[in-house]
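Being a predicted model, the structure only gives us computed values, none of them experimental. Chain A is the first sequence line, chain B the second, and so forth, proteins listed ahead of strands; every chain is numbered from 1.
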Protein chains: 4
Amino acid sequence: MLNRIILIGRLTRDPELRYTNTGRAVARFTLAVDRPYKNQAGEREADFINVVVWGPQADNCSKYLSKGKLAAVDGRLEIRSFEGQDGTRKYMTEVVAENVRFLSPKEGGRGPGSDLHGEPPFDDFADGDEGLPF
Amino acid sequence: MLNRIILIGRLTRDPELRYTNTGRAVARFTLAVDRPYKNQAGEREADFINVVVWGPQADNCSKYLSKGKLAAVDGRLEIRSFEGQDGTRKYMTEVVAENVRFLSPKEGGRGPGSDLHGEPPFDDFADGDEGLPF
Amino acid sequence: MLNRIILIGRLTRDPELRYTNTGRAVARFTLAVDRPYKNQAGEREADFINVVVWGPQADNCSKYLSKGKLAAVDGRLEIRSFEGQDGTRKYMTEVVAENVRFLSPKEGGRGPGSDLHGEPPFDDFADGDEGLPF
Amino acid sequence: MLNRIILIGRLTRDPELRYTNTGRAVARFTLAVDRPYKNQAGEREADFINVVVWGPQADNCSKYLSKGKLAAVDGRLEIRSFEGQDGTRKYMTEVVAENVRFLSPKEGGRGPGSDLHGEPPFDDFADGDEGLPF
DNA sequence: TTTT
DNA sequence: TTTT
């Protein structure tokens, strides 16, 4: 009924960009997200979380993100189950991003924080800008 | 750059439903959200948080929510500033809901957890159901 | 660097309660979380997400939650990797709950929304109640 | 019952650091969080959100954050009401941070993403590292 | 392996 | 299979 996840981490590899047969862009990458605590060996481990992004944001991810870059992802967690090649049930966890933010400074640029939306995420003049009835 | 808030609480009053001059529905209500700790007097206080919902979800809120009902809200925090009647700058905090979930059992019904979307929240057959290219 | 997930769903089975050799309680359960969209067959699918809860909250989950009950979980996503019995690397996804809320009405009770903390979640008289220096 | 907010934005001014009479550190700053949509004038507005941080993290914020720096905040929304100097009830909204992440690259450093915890956020060897009973 |  |  409610499924919301927010991550900040670094890409472990360049995003992989594909297109569906209907021409819709899909980007995939993995985010290394450091754990907030140290393990018994005194090391800080990370979770490696798969992220998938659809539509115009996928193109932007492919353009602006690369291995080692810092990004924030806001989306939902999906667990896809499928038949493995050995006949057993396999599970595949991924975060379906609704929004991705690029947090690494632009190369020759003036700093991090660039918004990735070539197109507005929802509607423009968002909710309420028609004049509030309250 | 990222602004996401998730609340669970009870309505302090029935939702107020209005329409903009373009015919768009807007619902407003206040959520009482208990704090996770007790104050020095040993009492559990609550935050009273204003919520605004736009579009078809507004109609659903007005239909299915009422004073005392439990609801979850997923949205973003906005702080509107405006000129007070006394000429000073006033601030008004509200949560713009993207999703609302009704958590109180239906009256004559079989339990809580009904989804409020008369219409799907985003697109249907969501992202990826066109056949994954991976 | 930041890893936060919030879920609302129903338990697919009763919580399983264990104790570590140091006597710390651990509860595990699976949450069925409906997806916000319908698939091509017009059905609403769900994600089945494993949750683990530590400490006093684990005991409370075992006491107050059971199959079919509605719960909210606020925590972080962890992906544990381990050696499978067939020598291959396996991945196991689970949400480590920091807070769990019980959303189903109490059996003979007056409604949902009970807080599960037998002990306060952080410190009591939380932050700031010592008298603000601002 | 549940109150969780996650923000990414830039500090509008240097953090203000104080100490309670019990010696506990408190830092305050304001985060400018860009809205995801443009207004009717075609401009991107921002919400200016007050943040308060307690304890060791407050000292770290004061040390590592300054005007213009990018930061992520994970916390809860509180609305404090108090008697104004004119006798009317006033409301004051602030986010009580549980975790703050520094996202701007270190000055002479090797990049953003440093964790601010001089002390571990919760317990170390976090949950489960005693040997899972499952 | 799944809940309403 | 992993990032700084």
Side-chain angles (χ1 to χ4, degrees), chain A residues 1-3 7-16 28-35 43-51 65-73 79-83 88-93 102-105 112, chain B residues 101-106 109-116 134, chain C residues 1-3 7-16 28-35 43-51 65-73 79-83 88-93 102-105 112, chain D residues 101-106 109-116 134:
Chain A
M1 299 224 347
L2 188 148
N3 181 337
L7 302 171
I8 299 179
R10 287 180 186 283
L11 294 240
T12 63
R13 50 182 172 93
D14 291 349
E16 211 176 336
R28 258 167 226 275
F29 54 85
T30 297
L31 224 46
V33 182
D34 289 334
R35 296 198 175 156
E43 314 152 329
R44 189 171 297 276
E45 291 177 89
D47 290 288
F48 298 97
I49 302 176
N50 296 316
V51 176
L65 287 178
S66 56
K67 182 176 172 175
K69 288 279 167 57
L70 194 68
V73 165
I79 296 180
R80 299 184 174 279
S81 95
F82 58 95
E83 193 79 26
T88 68
R89 193 110 291 251
K90 300 266 186 275
Y91 298 89
M92 201 265 218
T93 293
F102 308 151
L103 301 175
S104 282
Chain B
R101 297 292 179 244
F102 308 152
L103 300 175
S104 283
K106 297 207 207 65
R110 31 174 256 296
S114 43
D115 192 326
L116 97 176
F134 291 80
Chain C
M1 301 225 342
L2 189 148
N3 180 336
L7 302 170
I8 300 179
R10 287 182 185 283
L11 294 238
T12 63
R13 50 184 172 92
D14 291 351
E16 212 176 335
R28 258 167 225 276
F29 53 85
T30 297
L31 224 46
V33 182
D34 289 334
R35 295 197 176 157
E43 312 153 330
R44 190 171 296 277
E45 292 177 90
D47 290 287
F48 298 98
I49 302 175
N50 296 318
V51 176
L65 288 178
S66 55
K67 182 176 174 174
K69 288 279 167 58
L70 193 68
V73 165
I79 296 181
R80 300 185 172 278
S81 94
F82 57 96
E83 193 77 28
T88 67
R89 194 111 291 251
K90 300 264 186 278
Y91 297 89
M92 199 266 220
T93 293
F102 307 150
L103 300 175
S104 283
Chain D
R101 298 290 180 245
F102 308 151
L103 301 175
S104 282
K106 294 206 210 64
R110 26 171 262 294
S114 45
D115 192 324
L116 97 178
F134 290 82

Assign C/Lys67 to base, sugar-phosphate, or nothing according to its heavy-atom contacts below 4.0 angstrom with the strands shown.
sugar-phosphate
Looking across every strand, which nucleic acid part, if any, lies under 4.0 Å from C/Gly68 by heavy atom: base, sugar-phosphate, or nothing?
sugar-phosphate
Could you tell me the separation between the [atom1] atom of [X] and the [atom2] atom of [N], rounded to a whole number of Å?
{"X": "C/Leu65", "N": "E/dT3", "atom1": "CG", "atom2": "C1'", "answer": "13 Å"}
{"X": "C/Leu7", "N": "E/dT3", "atom1": "CG", "atom2": "P", "answer": "18 Å"}
{"X": "D/Lys106", "N": "F/dT4", "atom1": "NZ", "atom2": "C1'", "answer": "9 Å"}
{"X": "C/Asp34", "N": "E/dT4", "atom1": "CG", "atom2": "P", "answer": "11 Å"}
{"X": "A/Phe29", "N": "F/dT1", "atom1": "CZ", "atom2": "P", "answer": "21 Å"}
{"X": "A/Phe102", "N": "F/dT3", "atom1": "CZ", "atom2": "P", "answer": "21 Å"}
{"X": "A/Leu70", "N": "F/dT2", "atom1": "CG", "atom2": "C1'", "answer": "16 Å"}
{"X": "D/Arg101", "N": "F/dT4", "atom1": "CZ", "atom2": "C1'", "answer": "14 Å"}

Does any part of the side chain of A/Phe29, heavy atoms only, come nearer than 4.5 Å to the side chain of A/Leu65, both counted from C-beta?
yes
Nearest to the [X] side chain among [options], which nucleotide is it?
{"X": "C/Thr30", "options": "F/dT3, E/dT3, E/dT2", "result": "E/dT2"}
{"X": "A/Thr12", "options": "F/dT1, E/dT3, F/dT3", "result": "F/dT3"}
{"X": "A/Arg10", "options": "E/dT2, F/dT3, F/dT2", "result": "F/dT3"}
{"X": "A/Phe48", "options": "F/dT2, F/dT4, E/dT3", "result": "F/dT2"}
{"X": "C/Tyr91", "options": "E/dT2, F/dT3, F/dT1", "result": "F/dT1"}

In this structure, NZ of A/Lys69 is separated from CZ of A/Phe102 (nearest 0.5 Å) by 10.0 Å
Here's a test for you: under side-chain hydrogen bond (donor to acceptor under 3.5 Å, both in side chains), which of C/Arg13, C/Lys67, C/Arg10 qualifies with C/Thr30?
C/Arg13
Any residue meeting side-chain contact (heavy atoms from CB on, under 4.5 Å) with A/Lys90, in chain and number order, not counting sequence neighbours
A/Phe82, A/Gln85, A/Asp86, A/Thr88
Sequence-distant partners of A/Glu43, side-chain contact (heavy atoms from CB on, under 4.5 Å), two or more places apart
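If we apply the side-chain contact (heavy atoms from CB on, under 4.5 Å) test to A/Glu43, skipping adjacent residues, the hits are A/Asn39, A/Ala41.
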